[in-house]
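Order of the sequence lines fixes the chain letters, A, B, ..., with proteins taken first and strands second; residue numbering starts at 1 for each chain.
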Amino acid sequence: QKEVEQNSGPLSVPEGAIASLNCTYSDRGSQSFFWYRQYSGKSPELIMFIYSNGDKEDGRFTAQLNKASQYVSLLIRDSQPSDSATYLCAVADYKLSFGAGTTVTVRA
Amino acid sequence: GAVVSQHPSWVICKSGTSVKIECRSLDFQATTMFWYRQFPKQSLMLMATSNEGSKATYEQGVEKDKFLINHASLTLSTLTVTSAHPEDSSFYICSALLAPHKGPYSTEAFFGQGTRLTVV
């Protein structure tokens with residue numbers, strides 16, 4: 001499987017702040033990148049996908065991709081306590097390879 | 001979005017018995033389904049890729065005789081954990097790929113709710 005690296009955290013941010021999550025991947029040929037959110041005991045749910053270099057925004061979430069640096073990030077603006085979860089970075093060709101996940105805690 | 005139903009959501013079994021987990025795509029056809037395993041505080045690890053009508057492709061280190069996968073139709077794949085042992089206790093998750101899918105991997109993959117297996 002492709003190597004996908006994430007900081008495991010935990011990342012603690014105050015409510016209303018920006019949470020910044022980072023992910024690096026080993027296969028320079030990777031084309032598709034995903035961010036999933038996983039609550040404890042639940043299966044992952046897709047938040048964002050990104051294929052092209054640059055930024056992609058969806059509501060309070062922004063994904064950033066830099067293929068030259070093999071780096072993808074997720075920003076969560078105006079963090080809410082409901083954003084507290086584990087965030088998984090995934091890289092795909094015809095199957096997904098997941099990072100270990102970063103646990104985010106948003107303090108009220 | 002499309003719905004993938006996984007059943008059961010949790011199961012407790014005795015050591016040495018077998019357990020079957022079902023993964024159904026409810027409103028779409030899935031030629032490919034993936035089976036993952038997740039231990040506490042760890043990431044999802046792909047166990048095998050299941051293709052309708054053919055043998056599953058197992059990842060390195062996954063025993064195909066222990067984890068039997070059947071994908072007999074475009075809407076159903078099953079994972080049977082045979083002769084389960086306590087170390088098989090884990091969270092098992094399936095993912096179904098919408099057919100036809102645009103390669104490379106796109107957003108057209110949907111996760112089941114997961115099955116918590118506890119072997120006692």
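Only the side chain of A:Q38 comes within contact range of chain B, judged by heavy atoms closer than 4.5 Å. For a residue to count as touching a neighbouring chain, one of its non-hydrogen atoms must lie under 4.5 Å from one of that chain's; by this rule B:Q60 does not touch chain A.
Below 30°, between 30° and 60°, or above 60°: for A:Y51 and A:F34 the angle between ring planes is above 60°, a perpendicular geometry.
Between B:Y58 and B:F67, the ring centre distance reaches or exceeds 6.0 Å.
Proximity of A:I76 to A:Y87: side-chain heavy atoms (C-beta onward) are separated by under 4.5 Å at one or more points. Two residues are said to be in side-chain contact when any heavy atoms from C-beta on lie closer than 4.5 Å; B:S25 and B:M33 meet this criterion. Between A:E5 and A:Q70, every side-chain heavy-atom pair lies at or beyond the 4.5 Å cut-off.
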Give the table of side-chain donor-acceptor pairs shorter than 3.5 Å for residues 111-120 of chain B, with sequence neighbours excluded, one pair per line with atom names and distance.
residue : atom : partner : partner atom : Å
B:Q113  : OE1  : B:Q6    : N            : 2.7
B:T115  : OG1  : B:Q6    : NE2          : 3.1
B:T115  : OG1  : B:P8    : O            : 2.5

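Residues from residues 83-94 of chain B that place a non-hydrogen atom less than 4.5 Å from a non-hydrogen atom of chain A comprise B:F91, B:I93, given in numerical order.
For the residue pair B:T32 / B:N51, a side-chain donor-acceptor distance below 3.5 Å is found, with atom types taken as modelled.
Most heavy-atom pairs under 4.5 Å with chain B, from the set A:G99, A:S40, A:A90: that is A:G99.
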